[in-house]
Number of protein chains: 2
Amino acid sequence: MTGLHPVKSQITCSSCGLQRICFPSGMTADEVQRLDNIISAQPVFKKGEVIFSAGEPAAALYALKSGMVKLFRMDDQGNEIIHTFYLPGDIIGLDALDQPVYGFDAVALDTCNLCRLEQRDLEMLGMQMPALNRQVLQMMRRELELERAHYENMTHRFAEQRVASFIWSMAQRYRERGYDWECFRLPVLHRDTATYLGLTPETVSRILKKFQKEGVFTWRRKYVEIHDVPRLQQAAGIAPKPDQCPRCCAAMG
Amino acid sequence: MTGLHPVKSQITCSSCGLQRICFPSGMTADEVQRLDNIISAQPVFKKGEVIFSAGEPAAALYALKSGMVKLFRMDDQGNEIIHTFYLPGDIIGLDALDQPVYGFDAVALDTCNLCRLEQRDLEMLGMQMPALNRQVLQMMRRELELERAHYENMTHRFAEQRVASFIWSMAQRYRERGYDWECFRLPVLHRDTATYLGLTPETVSRILKKFQKEGVFTWRRKYVEIHDVPRLQQAAGIAPKPDQCPRCCAAMG
DNA sequence: CGTGAGGTTGACTTCGGTCAACGTTTGTGG
DNA sequence: CCACAAACGTTGACCGAAGTCAACCTCACG
């Protein structure tokens, strides 16, 4: 957390994910101030509330300050297809940039604090700060990379690996953000987990029980506790590579 | 071909996919000329040749003028995971923009004509033509949307629907580009199709045989011929017919 | 407390993978 | 231009991972 930001101030959004767009490009204090003046709306959504939904005019981006959000759309039979879960620090709605309407539904999984940034303001900012455009492109690229990783996970692995991999990637994302990653809150229904992983709740339930029995990790009452990191990595099919994660690190600057 | 382009000249790349980035924003003749001066490299790759591979420095974008390209990477067991097939008019390598190295392998499926555009030249162009940046972002967004559609197709549908949907989407992409879409060349191995669809060659073979027997379409010796559009759409889940899909009926109840 | 959404468990089913054997194309060198 | 090998594709018998169905549990919340 410390030393990452060229400018530190008591501004509105110093803790929200928009800094991930703006700070890496080295904003001046003046630019930060301008950004803060623009990001005035800081809505709060409670569990189950809709942030935006597919088909409505795509007006804004949201930076998630706290809480968790799922992004999904309905298939032709009315089933949810969940594409992503967003964690604090993530930007929501990037894929609707320059689009007439949103393509997905975004729903709060628990109480969420957000920052709202109008698309037209972002566009304005982009003209004043060319480096910002590159950052937006990078975030988009990262979103594509995450989706591809998820796709690979879903299509070329067994159910058990998918579940292990899901827990592992959540832990990693919390770690990247400086939170405790061996014991963290995960306010996702098992049913949503199943949907996200292309499985049924029954299968997820059976697999979670197995991991618990084997002492790898537990997930009870919204809390995940990892007990055996190597076994979890192995179950998730993480290559026994020595140290770092090339892509993520590059993306974060 | 006709009437599509605001500027028509005997320039190098009037037929390559870079126009999809540039023309929609309304380039002037001067700008087109500048673009053409930059895009001088027009390499040809033969079947099986590597355009770029994961890990090597990401230097350029490629616009596919003719032929077909697959984008993939290896999983930890050395299996290919195919993410996309590129058709004439597509831009390849967008996801490596501003990245140190490519994240995927791109291989020619048959003889391919490409235009090569250095990343640093694109960056330069972007500074001179701000609208270009927006176009790049749009192409990226489109790539994300395609990946998500593919993900949905893979994870929430039966093998038969996946195959039908694959053929249908290929037909649509040819149609968009103004080619014959009811009878087209598809130089993709059945094995690669299986990999792309998360299936085995045996399963693909059985399903193709079934579609052929039912007179929906044939795919023999690199050529696809669609005989019954409504049935194909239905099989692909484009135009859902309740009476033909037992599971859906139950679900819709 | 009672109620209902969410979670668990077991018996059974099935889609699609695996294995093995056999056709059919394709491409290369004589 | 043919011969032959290697790559690609097809077919059938069998199997197993995960879905389905149904019953039951348990926990949060009014």
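The sequence lines fix the lettering, A, B, ..., with proteins before strands; numbering per chain opens at 1. Keep in mind it's a predicted model, so treat the numbers as computed, not measured.
Between A:Y196 and A:H150, the angle of the ring planes stays under 30°, which puts this pair in the parallel group of the 30/60° scheme. Classified by interplanar angle (parallel below 30°, tilted 30° to 60°, perpendicular above 60°), the ring pair A:F166/A:W219 is tilted.
Rounded to an integer number of Å, the gap from CD of B:Q212 to C1' of D:dT10 is 12 Å.
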Show each protein N/O and nucleotides 17-20 of chain C N/O combination with a separation under 3.5 Å, one pair to a line.
unit_1: C:dG17; atom_1: OP1; unit_2: B:G198; atom_2: O; d: 3.3
unit_1: C:dG17; atom_1: OP2; unit_2: B:T200; atom_2: N; d: 3.3
unit_1: C:dG17; atom_1: OP2; unit_2: B:T200; atom_2: OG1; d: 3.1
unit_1: C:dG17; atom_1: OP2; unit_2: B:T203; atom_2: OG1; d: 2.6
unit_1: C:dT18; atom_1: O4; unit_2: B:R206; atom_2: NH2; d: 3.0
unit_1: C:dC19; atom_1: N4; unit_2: B:E202; atom_2: OE2; d: 3.1

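Side chain of A:L189, nearest nucleotide from D:dT10, D:dC8, C:dG6: C:dG6.
A:K70 has its side chain within reach of A:D192: a pair of non-hydrogen atoms, C-beta onward, lies under 4.5 Å apart.
Judged by distance alone, the side chain of B:H190 and the main-chain N or O of B:T200 form no donor-acceptor pair under 3.5 Å. Within the 3.5 Å criterion, the main-chain N or O of B:R73 finds no donor-acceptor partner in the side chain of B:D105. B:Q161 contributes a side-chain N or O that, together with a main-chain N or O of B:F158, makes up a donor-acceptor pair within less than 3.5 Å.
Between B:K47 and C:dG27, a side-chain N or O to OP1/OP2 separation shorter than 4.0 Å is present. Distances shorter than 4.0 Å separate some side-chain N or O of A:K209 from OP1 or OP2 on C:dT9.
Cation-pi contact between B:R231 and B:F211: absent, since separation from the ring centre below 6.0 Å together with deviation from the ring axis within 45° is not met.
With rounding to the nearest 0.5 Å, the separation of CG in A:L64 from CD1 in A:I91 is 9.0 Å.
Interface residues of residues 217-225 of chain B facing DNA chain C, ordered by number: B:R221; criterion, heavy-atom separation under 4.0 Å.
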